[in-house]
Amino acid sequence: MTAKGTFDTAGWDAKPPFDERDGITLGLVSMTKTFHGDLTGTSVVNLMVASTPVEESRVYVALERIEGTLEGRKGSFVVAHHAVSDRGRQSLTVTVVPDSATGELTGLRGHMTITIAADGTHSYTLDHTLP
């Protein structure tokens, strides 16, 4: 199955770096999201970010708990993010953490694609299975 829609972000809360040397900075950020479309609900995202002296080379890993309704089923689930920008070439993997889903979403498996349009609009596609 495929779920599609948009989401809004808010509350970008960057903590002071926990490691900063040789031009490399490691830090923590948290933010919230509100989902619209086939998935409706909210989430809290906790990111660990590494930036380098090369403007377009950085990485983040994150865990995000999403609570809401997916195609009429209520519950929550966790996704894990792994994003790399290598001198501007970007890759992003977002995976539903196995056995993290609750409520009517128990058993959810899948992967999410996130797209940011030129106008700044964020959209998602969640390819998934439900028992």
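Residue numbers run from 1 in the order of the sequence given. For the numbers below, each heavy atom of this structure counts, side chains included, while hydrogens, waters and symmetry mates do not. The structure presented is a predicted model; accordingly, all values stated were derived computationally and were not measured.
Nearest heavy-atom pair, P131 versus T106, reported as atom, atom and distance to 0.1 Å: CG-O, 3.4 Å. Heavy atoms only, all atoms of each residue included: L39 and M112 are closest at CD2-CE, 4.4 Å. Smallest separation of non-hydrogen atoms from Y124 and H36: OH-O, 3.0 Å. Taking every heavy atom of both residues into account, G23 and P53 meet most closely at O-CD, 3.3 Å. Closest non-hydrogen pair, S76 versus L105, comes out as N-CD1, 4.0 Å. Pairing each heavy atom of A101 with each of L108, the nearest pair is CB-CB, 3.8 Å.
For the pair T102 (side chain) and G75 (backbone), a donor-acceptor distance under 3.5 Å is absent. Judged by distance alone, the side chain of T32 and the main-chain N or O of A10 form a donor-acceptor pair under 3.5 Å. A distance-only check finds no donor-acceptor pair linking the side chain of E67 to the backbone of T42 [under 3.5 Å]. Under the 3.5 Å distance criterion, the side-chain polar atoms of S43 are left unmatched by any main-chain donor or acceptor of E64. Remark: side-chain polar atoms of D22 are not paired, donor with acceptor, to backbone N or O of I24 under 3.5 angstrom. A donor-acceptor pair under 3.5 Å is absent between the side-chain atoms of T95 and the main chain of V97, judged by distance alone. Panel note: side chain D127, backbone G110; no donor-acceptor pair is recorded below 3.5 Å.
Of the N and O atoms on the side chains of T125 and T113, not one donor lies less than 3.5 Å from an acceptor on the other residue. Remark: the S30 side chain and the N46 side chain contain no N/O donor-acceptor pair separated by less than 3.5 Å. In this structure, a donor-acceptor pair under 3.5 Å is absent between the side chains of E56 and S85.
Under the 4.5 Å side-chain heavy-atom criterion for grouping Ile, Leu, Val, Met, Phe, Trp and Tyr, F77 is connected to V94 within one hydrophobic cluster. V61 and L28 end up in the same hydrophobic cluster when Ile, Leu, Val, Met, Phe, Trp and Tyr side chains are linked at under 4.5 Å. With hydrophobic clusters built from ILVMFWY side chains whose heavy atoms lie under 4.5 angstrom apart, V45 does not share a cluster with I116.
Looking at L26 and V49, their side chains never come closer than 4.5 Å, going by heavy atoms from C-beta outward. Residues W12 and V29 are in side-chain contact: their nearest non-hydrogen atoms beyond the backbone lie under 4.5 Å apart. Side-chain contact between K33 and F35 is present, with at least one heavy-atom pair separated by less than 4.5 Å. Taking 4.5 Å as the limit, some side-chain heavy atom of I66 sits within range of a side-chain heavy atom of V79. Counting heavy atoms from C-beta outward, H81 and L47 have side chains that stay 4.5 Å or more apart. Side-chain contact check for R73 versus L130: some heavy-atom pair is nearer than 4.5 Å. A 4.5 Å side-chain heavy-atom check between P98 and R109 finds at least one atom pair inside the cut-off. For the pair E71 and H128, the minimum side-chain heavy-atom distance is below 4.5 Å.
A distance of 9.0 Å separates CG of D8 from NE2 of H122, quoted to the nearest 0.5 Å. Considering CG of L70 and CG of L126, their distance stands at 6.0 Å, rounded to 0.5 Å. Taken to the nearest 0.5 Å, the CZ atom of R58 stands 7.0 Å off from the CD atom of Q90.
Within 6.0 Å of CG on D19 lie more than 12 heavy atoms contributed by other residues, nucleotides or ligands. The number of heavy atoms from other shown groups lying within 6.0 Å of CE (M31) is above 12. Atom CZ of R65 is surrounded by 12 or fewer heavy atoms from other residues, nucleotides or ligands within 6.0 Å.
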Applying side-chain contact (heavy atoms from CB on, under 4.5 Å) to T121 and T6, what does each step give before you reach the verdict? CA-CA 7 Å; T121 301; T6 61; 4.3 Å; yes

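Here V59 sits in one hydrophobic cluster together with V84; the rule is ILVMFWY side chains under 4.5 Å apart, joined directly or through other members.
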